[in-house]
Structures are given as C-alpha cells and as structure tokens.
K.L.:
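This structure is in structure tokens; I'll ask about it shortly.
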Amino acid sequence: MDVDARKRLPLFPIGIVQRLTGLSARQIRYYEQHELVHPARSEGNQRLFSFVDVERLLEVRTLLDEGLNMAGVKARLAKRQNRRRSDSAELTDEQVYQHIRQGLLEPRTPSGVSEFQGDLFRFYRKH
DNA sequence: GTTCTCACA
DNA sequence: TGTGAGAA
C-alpha cells in the first residue's frame, strides 16, 4: 500500500478531527454539507475522515481566516486540486509513521491547539 | 462516552 | 454557527 492510498484511509471520527483541526464538530459537518470534504461512513453511520480530509479542513480554516466565504473557499480549493496534480511528495513508510507519531505525541500549546496542526499541513504540502 | 440528525426562546 | 433533544 503506497503513501497516497494510506492518506485516503478512513480513520478518524469527528472528535479526533476536531482536535486535529481546531474546528468545531458543527463546522466540520457544515463544511461537509458544502462538499468541502467527503468523509466515509462507518456501519453505524459515523463519519470517518482520512488524512486527505483533515488536510482539506486545515486548508479551509486557513482560507476562512483569510476572509474568504464558502464560495471563495470552494473556488480556491478547486483550483488547488488541478495545480497540485504533479507535486505530491514521495515519502517512505517510515517517514510517514514517524511524522504522525511525533505530531500526535506533541504537547498542546498554551492556546490548547495541537502543534500537529501546522505540521500536518506542511507535511503534505511540500517537504 | 461519542456521534448522528433535526430544529430553534 | 451554537445548542439541546432523542436515538444509536
């Protein structure tokens, strides 16, 4: 299984994603309604997010912080999709696991937000 | 204990 | 966007 496939595995329930992104469950569900993310569903109809979903939510938050509205976010997210086709990073399994483990074990900042936030973002961006 | 959907003094 | 109800 390659890195790309692993990034799409439905793994996290909304509570985890909440802490990973700093977004409220309400916002996360709201963004799903607007098709900004497409989490899979468990047998019990529970949302399961992949790394790709988490990454997108972090980007959504960034764009929203920049003052964009839902429409603006959708537009820029759509453009990013095409422009990003060629520069996806190639990482070894070890790099992936090590990075994730470190991020999850990092202590929270005084603001209560996990450092994993920025790390995950940069991680998939370029490296 | 968590998450889901739906509705709103 | 938040909050609470009722169910799973």
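Keep in mind the model is a prediction, meaning the values are calculated, not measured. So that the names make sense, note that chain A is the first sequence line, chain B the second, and so on, each numbered from 1.
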K.L.:
If two hydrophobic side chains count as joined below 4.5 Å and joins carry through other members, does A:Leu68 share a cluster with A:Met70?
P.N.:
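A:Leu68 and A:Met70: one cluster.
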K.L.:
In whole angstrom, what separates A:Gln27's CD from C:dT3's P?
P.N.:
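It works out to 11 Å between those atoms.
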K.L.:
Nearest whole Å is fine: how far is B:dC4 C1' from A:Ile14 CD1?
P.N.:
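Rounded to the whole Å, the gap is 9 Å.
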K.L.:
Across the strands shown, which category fits A:Gly15 at heavy-atom distances under 4.0 angstrom: base, sugar-phosphate, nothing?
P.N.:
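Here A:Gly15 touches the backbone only, sparing every base.
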K.L.:
Measure from CD on A:Gln33 to P on B:dA7 and round the result to the nearest Å.
P.N.:
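For the pair A:Gln33 CD and B:dA7 P, the rounded distance is 12 Å.
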K.L.:
I'd like to know if the side chain of A:Arg41 and the backbone of A:Leu48 have a donor-acceptor N/O pair within less than 3.5 Å.
P.N.:
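No, A:Arg41 side chain to A:Leu48 backbone: no donor-acceptor pair under 3.5 Å.
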K.L.:
Could you tell me whether A:Arg29 contacts a base, only the sugar-phosphate backbone, or nothing, with contacts defined as non-hydrogen atoms closer than 4.0 Å?
P.N.:
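Base contact.
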K.L.:
Is any side-chain heavy atom of A:Leu63 less than 4.5 Å from a side-chain heavy atom of A:Leu77?
P.N.:
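In short, these two side chains touch, coming nearer than 4.5 Å.
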K.L.:
What nucleotide, of C:dT1, B:dT5, B:dT3, holds the atom closest to the side chain of A:Gln46?
P.N.:
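For the A:Gln46 side chain, the nearest candidate turns out to be B:dT3.
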K.L.:
What's the CD1-C1' distance between A:Ile16 and B:dT3, to the nearest Å?
P.N.:
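Value for this atom pair: 12 Å.
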K.L.:
Atom CG of A:Leu48 to atom P of B:dT2: distance rounded to whole Å?
P.N.:
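Roughly 16 Å, once rounded to whole Å.
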K.L.:
Can you check whether A:Arg47 has a side-chain N or O nearer than 4.0 Å to OP1 or OP2 of B:dT3?
P.N.:
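No, no such contact exists.
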K.L.:
Is A:Glu66 salt-bridged to A:Arg76, cutoff N-O under 4.0 Å?
P.N.:
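Yes, charged N to carboxylate O under 4.0 Å.
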K.L.:
Side chains of A:Ser24 and A:Gln27: donor-acceptor distance under 3.5 Å anywhere?
P.N.:
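Yes, side-chain donor-acceptor contact under 3.5 Å.
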K.L.:
Which listed nucleotide (B:dT3, C:dT1, C:dG2) is nearest to the side chain of A:Ser24?
P.N.:
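Looking only at heavy atoms from C-beta outward on A:Ser24, the closest nucleotide is C:dG2.
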K.L.:
Look up atom CD in A:Glu32 and atom CZ in A:Arg47, then write down how far apart they are to the nearest 0.5 Å.
P.N.:
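Between atom CD of A:Glu32 and atom CZ of A:Arg47 there are 4.5 Å.
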K.L.:
Any stems for DNA chain B, made of 3 or more Watson-Crick or G-U pairs in a row, each with both distances under 3.5 Å?
P.N.:
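Runs of three or more consecutive pairs: B:2-8 with C:2-8.
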K.L.:
For B:dC6, does either OP1 or OP2 sit under 4.0 Å from a side-chain N or O belonging to A:Tyr30?
P.N.:
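A:Tyr30 to B:dC6 OP1/OP2: no side-chain N or O under 4.0 Å.
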K.L.:
Using whole Å, report how far CZ of A:Phe49 lies from P of B:dC4.
P.N.:
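It is 7 Å, rounded to the nearest whole Å.
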K.L.:
Give a yes/no answer on whether the side chain of A:Arg41 brings an N or O atom under 4.0 Å of OP1 or OP2 in B:dT5.
P.N.:
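Checking B:dT5 against A:Arg41, a side-chain N or O does come within under 4.0 Å of OP1 or OP2.
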K.L.:
Strictly by modelled atom types, are A:Asp53 and A:Ser50 linked by a side-chain donor-acceptor pair under 3.5 Å?
P.N.:
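Indeed, the side chains of A:Asp53 and A:Ser50 share at least one donor-acceptor pair under 3.5 Å.
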K.L.:
Closest-nucleotide mapping onto DNA chain B: is A:Arg26 or A:Pro13 further toward the 5' terminus? I mean the 5' end.
P.N.:
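Looking at DNA chain B, the more 5' nearest nucleotide goes with A:Pro13.
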K.L.:
Tell me: CD of A:Glu43 to C1' of B:dC4, nearest whole Å?
P.N.:
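Roughly 16 Å, once rounded to whole Å.
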